[in-house]
Colleague: 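My questions all concern the structure below.
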Amino acid sequence: MKLGVFMSDFKTGSDVLNRLSAEKLGIILVGNGIYHATVKDTGKASSILDKSANFYVLAEDLESRGFNSSNVDSRVKVVTYGDVVDLMFNDYEKVIWI
Amino acid sequence: MKLGVFMSDFKTGSDVLNRLSAEKLGIILVGNGIYHATVKDTGKASSILDKSANFYVLAEDLESRGFNSSNVDSRVKVVTYGDVVDLMFNDYEKVIWI
Amino acid sequence: MGKLTIGCFSSLVGSLSLDFAVKLSEAAVKKGHSVDFWVSSNATMLSKKGQRAFKDYSALAKTLQELFATGKFQATACEACAEARGYGKEDTMEGWKRHSMDWYLASTFSADRVLLIGGD
Amino acid sequence: MGKLTIGCFSSLVGSLSLDFAVKLSEAAVKKGHSVDFWVSSNATMLSKKGQRAFKDYSALAKTLQELFATGKFQATACEACAEARGYGKEDTMEGWKRHSMDWYLASTFSADRVLLIGGD
Amino acid sequence: MATRRLAFVIRSLPYKTEASRLALTHAIASQTVEIYLEDGDLVEPVVCFIGDGVMNCLKNQQAMKNYGLTSIEQHMKNSLLLDLKVLICKEDLDKFGIKEDALIMDAEDIGGETKAQIVPYSEIQKEMEAVDHLQFF
Amino acid sequence: MATRRLAFVIRSLPYKTEASRLALTHAIASQTVEIYLEDGDLVEPVVCFIGDGVMNCLKNQQAMKNYGLTSIEQHMKNSLLLDLKVLICKEDLDKFGIKEDALIMDAEDIGGETKAQIVPYSEIQKEMEAVDHLQFF
């Protein structure tokens, strides 16, 4: 399946994400999920970025928390709400929120 | 200080708890904190029970989730709401909820 | 153009998840899609009439009214969830419907995409 | 006998934290202590009049009325938090007061114990 | 005449949030959905418990006694009574050392005939691929 | 005439919940508490950021632009403007690699004179011991 996952938290949900498998996987970092794209804990980027997937982060949620695209890990693409709608309808058949 | 800590979650809060130091420390497991007293993950009891503290678990929250005192780790004492009130007023000067 | 059904169970203020859901609806409608919006549990607060707008809180009433006006957006609150919180029919913001949970299930039947935003 | 001030910021249904706070108040009053109870944010839902009791939801109105009757329990909801959620004065359950946040701070001044239950 | 299949995947612990309760009550609501649909059209739910979510399936939940609240156990039984497909992840049960006899596996006491099934995660993954829409609670 | 000291310890990330916002607005409310108290009596707050909570202290929060919502940044500045004591845990900043110039350290732009202080966790522990009541957000 082509699965889009909204990742909305920083501390929980990785266990669920790690087990998911999909032919095509997109991970959209929203809400406090944006810290996965921006924060290094003792120098190390979030382990979820090691998953084989396309990564996106919502610009509005990034900016609200004091970050901008220059803080974002190179594996992650910054997107807007409009882009998210297109991803949902064009790139993924199923979408979940964790 | 004499500190009572209400631990209300299973997945978060351990980082905060680990750093706290107190001359006398009481940890009262409530809500989803009760899983620390009852659940072994791959055979291992929750690491918070290794902390040097007095441990309590609220009977009502234990029972609501399908457990009883026979499931509780031997380091943890089962208490009622009335007992909790006495602990708060008699044994600890400050109380926090995490 | 497609149909998106959003189920939202999060609380009004304190979690920005409802803001996310409303902004996503706005973006979808702007691109010509239609949106069914279901609120259950604490998210039924979104359907409450007379929320006062403070700058410390997200105020979504105006955006919702604009969305209703497009004709491509319908929103329904879980009736029992609302009643349990003391919101009667007369407390419901204009444009909102109240139904039981089967409305949400029925909406997913014809949806191209379903997004359930589950909990705080 | 002591005074306990409880601040509760959690939501009504969905989190049992408010149930905990009310049950703790009950136990404290039963032992002769007095309790000041402050609700802010989503917990202001607790002060809403007319909540219908369903078995799927915790219904705390009755316990609160019994607590008020003891004279050892007072409860206050954050006024701005309530207004932001569309609860006017007329929506407030009997026995409850509405004040700004300084009421809570003042209550802690003379409290022997303060328990802040912070968030969902 | 068509059937749309919806998965309700429960990964949350009970009671802290309403997530698991809402998953079950919404899944059950599929039974009355025809009032909104054409004749013969159906919405068919499958309920899956994974991760911490398996704790929802423990027997003897005393939420009514202690908090005056319908237990998740009761909702599980109602789901089975209405013949909903309920899957519980075997690996997660094993991880927590939970045995089948500790679980709500049937609703025989209220006249139900359908049983919950303990299955490997791979079976749940297959269901997630087979359904039309996925929801995580 | 007495002073009661209250600690507001913020360990939560901003925006997902209202926790950090409420901590700051309640701490600020200490400034008007005298209407309920005897002359000369005071409630004095100290605000401490630990763990993930240090993320609340980042500059350039665009919550107003994106969500029409007062930012936590604004509440931080209001706290400093009112001369509240604000402590930020050094070890946690180091852990996340956050430098002082990325933080809201003062409210000079709105006329404030008090600065936030970056201190080791041991200092925060001392505050927790010194205050009359502790609250974790």
Colleague: Heavy-atom distance under 4.5 Å to chain D: side chain of F/Thr25, backbone, both or neither?
Modeller: both
Colleague: Counting only heavy atoms not in D/Lys97, do more than 12 sit closer than 6.0 Å to its NZ atom?
Modeller: yes
Colleague: Please check this pair: side chain of D/Ser107 against backbone of D/Trp103, looking for a donor-acceptor N/O pair closer than 3.5 Å.
Modeller: no
Colleague: Using non-hydrogen atoms and a 4.5 Å limit, figure out which bit of F/His133 sits close to chain D: side chain, backbone, both or neither.
Modeller: side chain
Colleague: In this structure, are over 12 heavy atoms from other groups packed under 6.0 Å from F/Glu100 atom CD?
Modeller: no
Colleague: If I measure from the heavy atoms of chain F, does D/Tyr104 come under 4.5 Å with its side chain, its backbone, both, or neither?
Modeller: side chain
Colleague: Which atoms of D/Thr108 are under 4.5 Å from chain F, going by heavy atoms: the side chain, the backbone, both sets, or neither?
Modeller: both
Colleague: Answer with side chain, backbone, both or neither: which region of F/Ala2 has an atom nearer than 4.5 Å to a non-hydrogen atom of chain D?
Modeller: both
Colleague: For F/Ile35, which atoms come within 4.5 Å of any heavy atom of chain D: side chain, backbone, both, or neither?
Modeller: side chain
Colleague: Taking NZ, NE, NH1 and NH2 as the nitrogens, is one of them in D/Lys3 or D/Asp36 under 4.0 Å from a carboxylate oxygen of the other?
Modeller: yes
Colleague: Please indicate whether F/Glu108 has more than 12 foreign heavy atoms, meaning atoms of other residues, nucleotides or ligands, lying under 6.0 Å from its CD.
Modeller: no
